[in-house]
Structure formats: structure tokens, C-alpha cells
Amino acid sequence: MAMIDAVSIAEQVRTGRLRATDVIERALDAAIASHDTLNAFTLIDRAGARTRAEGIDRLVADGRDPGPLAGVPIALKDIINQAGLPNTKGASFPAELETESATVVRRLGNAGAVIVGRTGLHEFAYGFTSENPWFGPVRNPWDTALSPGGSSGGSAAAVASGITPVGIGTDTGGSVRVPAALCGVFGLKVTHGRVPLAGVFPLAPSLDTVGPIARTVRDLTACYLAIAGDDPSDGWSVPEPVERPTSPEHPTIGVVRQWSDVAPMSEATAKAINGFIDAARGAGCTIEFVDEPALVPPERLALAAGPEILAVHEERFSRHRERYGEDLKLRLDRCRDATTGDLLDAARWAAAARNHILRMHGTGVDVLVGPVVGGNHKLIGHDEMTIDGDTYFHREILSSFTSPINRIGVPALSAPIATAEALPHAVQLVAPMWCEHIILGVASRLERAGVLRSGQPPHWYGQIT
């Protein structure tokens, strides 16, 4: 039994060959053992997880099916409501016990999954490092001096280190994909409206998404299918059918030249992406290089989220400024710089880009590819990153390739490239709205071909038996 494989765990639990209580106990032990090293969890729910696992084992003993994720340990980002537990949001404010679980939590429960703990994040999910002033920094299992990325850093670190096979994060500007990239695992940013946001504390609601992080495409898919779908109680939810992964026998991958020029990128990252392109071609994919100026985001795109973010925080921030971390104070102040022109430019560009992606898909391009991040070496405690001898503010390197995708609204996957590098590198796969099934299908084909692969970091807590 491989603790890192969610689908295998569920199959064995559902058939009685494995007890959910044993699986969950091992995951809980690993979460506790990792705490001083990784600081991935803000809360480990030993009592709740045990009770849930015992209930699953009783269902199996009674001949009932607990669901497609039966007994699978899940790491949940600490910004998603979970009944009976506090939702800290990574903030200094007192966290009250939640009375109702988010839709995504209820769906995981209905599928038989077991949430073992709540994971660390950037304060209020507004950042890309998971270096939290109130809970301490989450650390990267590949090198604990490095950031795991953010804002869903704890979920990515838990998955990458083998504590749980699946984690749940949120992604408003890259907060699932960036930590997945830096931690060397798969992370899916869904189409906006695909997974309900009910019960998830907002950052910028028109951009917010909830998505899974996993070590394999198969596990990522299993979780995605469990949580995706319409929820009429959520105003952002869209009643669009959820399809299972499919892929052409010889997928066509469009390499968008402009996406590599959005921000600085290290030679090592560029080399890894070029290696991915060559390997994908060798695995039977058709590669097309795409020149499309309409996919270049406007210079002030990031400012367009400012009014939404202020709407969430303005009252609290004006009364309790001292309870916000220093980086959030600066960012919230900066939110006031957005103009009506910025909002209109962002909306106009997003619509044009979304339509161009759809047109390219209509001409036979199955997925588009580009970078996830410009570099993978973000030292904890340092605001700047060094890229081939030059120094840049970390958000320029970590957010510039992902945040435009949220504005467009389309789905995207951060996928680890199979390389021999000491730190992981990733590629971003993008498709038209509601085409998660195509991204997952193409990624699965490339994973089977050995082009994409999660590695095993030095700080590893999973068990393989």
C-alpha cells in the first residue's frame, strides 16, 4: 500500500483490504512528526479524523460504499470553513468555531475523504510565500530554507512530503499553481465557477477558485471530480456539466511565445520548459509555436483586483490596522491605486484573451503551455529573488505567469517536469473555459510517458509498504 496514492487507498478501503483508521492514523502521525520541520499545518484534527475514519470502516463492514475517496487523507487550507473547527484564515484575529462546512468540504465528506488537518497559508491568502507573521513560515520539503510558495503553501508541502496524497487550496492569482510548482507536485486551477466558493473566505470573489493539489494526475482527477459541479446556493457557481478526462491520441500543444516574456525567468527554468517541449514531442505530441499579442496582459492588470480586495477588508483594516502583517498593510494600501480605467482594461483584455484561447482550441490546439514561475529559489525571510545574478522582487517572479490566467477565468494546471534538477521545475497547461477534462487528459498521457512526474523531496514523511 502506497500512502501517496489516493486512488489505491480508496480502492483498498472500499473492498475491506485496508482499514481507514490505519490509513488516517499514519497520516496523523506524519503530520505531527513533520511539524517542527515543515510547519505545514495550523491545526491537526486527530479526534475528528479518527471519528470520521471509524465511521468509514463501519460502512464497509456493513457492506455499504463510503465513496470514491474512501479513507483518503486530505490536507485542507485554513481559509475554508469546516464545521466545529476554527477558520483562522492565517490571520491574527480571533477565529470562532464554524457552524457549517463549505460546500467543498461537504462534497469531500460525501466522497469518503477524511480531512486530517488545516494547513498554513499566506495571511488572508493574499501573497505568494506562505511566510506568515502569526503562524510562522511554511517550509519547502525540498529545502527548508526555501518558501513552498503561496498562498496554499501548507497544502502543497503536505502533499509533496507524502503526509497526505491530496491537499485542497485556493487560487486567486496562482495560489494553487505556484506552491505546486515550487513543491514539485500537480495543482489544478479550475474554471471560475466550476467548484463552489460557498464557505470559503474571499480574497477577490470574481477571481477566487478552489482546487486540488496531488502527486499524480490520477489522484488530482479523483479529487476534482468529487468537488466540481454546480451549487445553486453559491452565486458564482455555474451549471456547466463536469466531464471526465479525455485526450487525443496525439495532442497538439501550443507554446505561447509571449507568455515566456511576461516576467524574468531563470536559465534553469527556461531549460526545463524547453526540455518538456522536446520530451512532449518525443511522446507523440504535436508542438505549435504561437505568436498571439492578445495574450499579453496589460501592465497594470494586477491593480484591477484592488477594489474587490478592499471591499472584503476595508472596514476591518480601517479599525484594526495593527492586526495585519506588514506586507498586507502595504498591499492593501496599494489596492487604493486602482482606477476605473484599470478595471475596464482588465475586463477588455480578459474577454479578448478568453476568446482567442477558444479560437485556437477550435483550430486544433488542445492545450497551451507556458511557465508557472520564473524561478524556484525563494529564500524564506528575503523579499527578493536572484535570477541568474539579477535581483527582483519575489512577486514579479512568482505571480506574473499565473495571475493573468485568473483574470481570463480559464482552467490551468501546474505540472512538475521530470528532470534531474535538485529543485523541481514546472510547466503550466491552459485550456478554454470548462475544459479541465482536456488538461487532465493531456497531463495524464504525458505523465504515463514520463514527461511529467512528481519527485520525492529530502524531507519525506510518506510510507510505502
Side-chain angles (χ1 to χ4, degrees), residues 6-7 9-11 13-14 20 23-24 27 45 48-49 51-53 55-56 59-60 64-85 87 98-119 152 155 158-159 164-171 175-176 186-202 205 208-214 217-245 411 413 434 436-437 440:
V7 173
I9 289 171
E11 289 173 349
V13 168
R14 294 168 79 184
V23 175
I24 297 307
D45 185 22
T51 299
R52 171 73 177 145
I56 290 170
L59 287 175
V60 173
R64 299 165 64 186
D65 185 356
L69 296 178
V72 173
I74 301 285
L76 183 76
K77 187 175 183 177
D78 192 8
I79 202 165
I80 302 172
N81 289 351
Q82 193 176 358
L85 294 178
N87 181 352
E98 298 295 339
T99 59
E100 186 175 349
S101 290
T103 301
V104 66
V105 170
R106 295 199 304 272
R107 288 181 176 178
L108 287 169
N110 291 339
V114 179
I115 296 169
V116 298
R118 302 178 62 79
T119 53
S152 310
S155 293
V159 171
T164 64
V166 178
I168 300 294
T170 62
D171 191 314
S175 289
V176 161
F186 294 89
L188 179 65
K189 180 258 176 221
V190 299
T191 304
H192 188 265
R194 172 63 91 190
V195 175
L197 295 172
V200 180
F201 189 82
D208 292 344
T209 61
V210 179
I213 299 170
V217 179
R218 187 170 76 150
D219 284 357
L220 197 77
T221 299
C223 186
Y224 163 71
L225 293 174
I227 64 177
D230 185 33
D231 176 5
S233 71
D234 173 21
W236 295 105
S237 187
V238 179
E240 189 74 21
V242 178
E243 299 184 45
R244 291 187 170 274
L413 173 69
W434 317 116
E436 288 88 350
H437 61 290
L440 292 168

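For the single chain, residues carry numbers from 1 onward in sequence order.
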Tell me, with the steps shown, if Asp234 and Thr103 meet side chain to side chain contact (heavy atoms under 4.5 Å, CB included). CA-CA 9 Å; Asp234 173 21; Thr103 301; 5.8 Å; no
Leu440/His437 under side chain to side chain contact (heavy atoms under 4.5 Å, CB included): CA gap, chis, key distance, verdict: CA-CA 5 Å; Leu440 292 168; His437 61 290; 6.0 Å; no
At their closest point, which heavy atom of [X] faces which heavy atom of [Y], and how far apart are they?
X      : Y      : answer
Val104 : Val195 : CG2-CG1, 4.4 Å
Arg194 : Tyr224 : NE-OH, 3.2 Å
Ala198 : Asp231 : CB-OD2, 4.1 Å
Ala27  : Val116 : CB-CG1, 4.3 Å
Asp219 : Ala214 : CB-CB, 3.9 Å
Val238 : Trp434 : CB-CH2, 3.4 Å

Side chain to side chain contact (heavy atoms under 4.5 Å, CB included) assessment of Thr164 paired with Ile74: CA-CA 6 Å; Thr164 64; Ile74 301 285; over 6 Å; no
At what distance, to the nearest 0.5 angstrom, does [atom1] of [X] lie from [atom2] of [Y]?
X      : Y      : atom1 : atom2 : value
Leu220 : Leu188 : CG    : CG    : 5.5 Å
Leu69  : Leu225 : CG    : CG    : 9.0 Å
Ile9   : Ile24  : CD1   : CD1   : 7.5 Å
Arg218 : Cys223 : CZ    : SG    : 14.0 Å
His192 : Leu197 : NE2   : CG    : 5.5 Å
Leu85  : Ile80  : CG    : CD1   : 13.0 Å

Are [X] and [Y] packed together at the side-chain level, in the sense that at least one heavy-atom pair is separated by less than 4.5 angstrom?
X      : Y      : answer
Ile213 : Val176 : yes
Thr209 : Pro411 : no
Asp171 : Ser152 : no
Glu100 : Asn81  : no
Asp208 : Val200 : no
Val72  : Val114 : no
Pro232 : Ser237 : no
Arg118 : Asn87  : yes

Under 3.5 Å, side chain of [X] to main-chain N/O of [Y], donor-acceptor pair present?
X      : Y      : result
Arg64  : Leu59  : no
Ser101 : Arg106 : no
Thr119 : Leu76  : yes

Is the shortest distance from a Lys or Arg side-chain nitrogen in Arg14 or Asp65 to a carboxylate oxygen in the other one below 4.0 Å?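 So Arg14 pairs with Asp65 through a salt bridge.
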Under the side chain to side chain donor-acceptor pair (under 3.5 Å) criterion, do Thr170 and Lys77 qualify, and how do the steps go? CA-CA 8 Å; Thr170 62; Lys77 187 175 183 177; 2.6 Å; yes
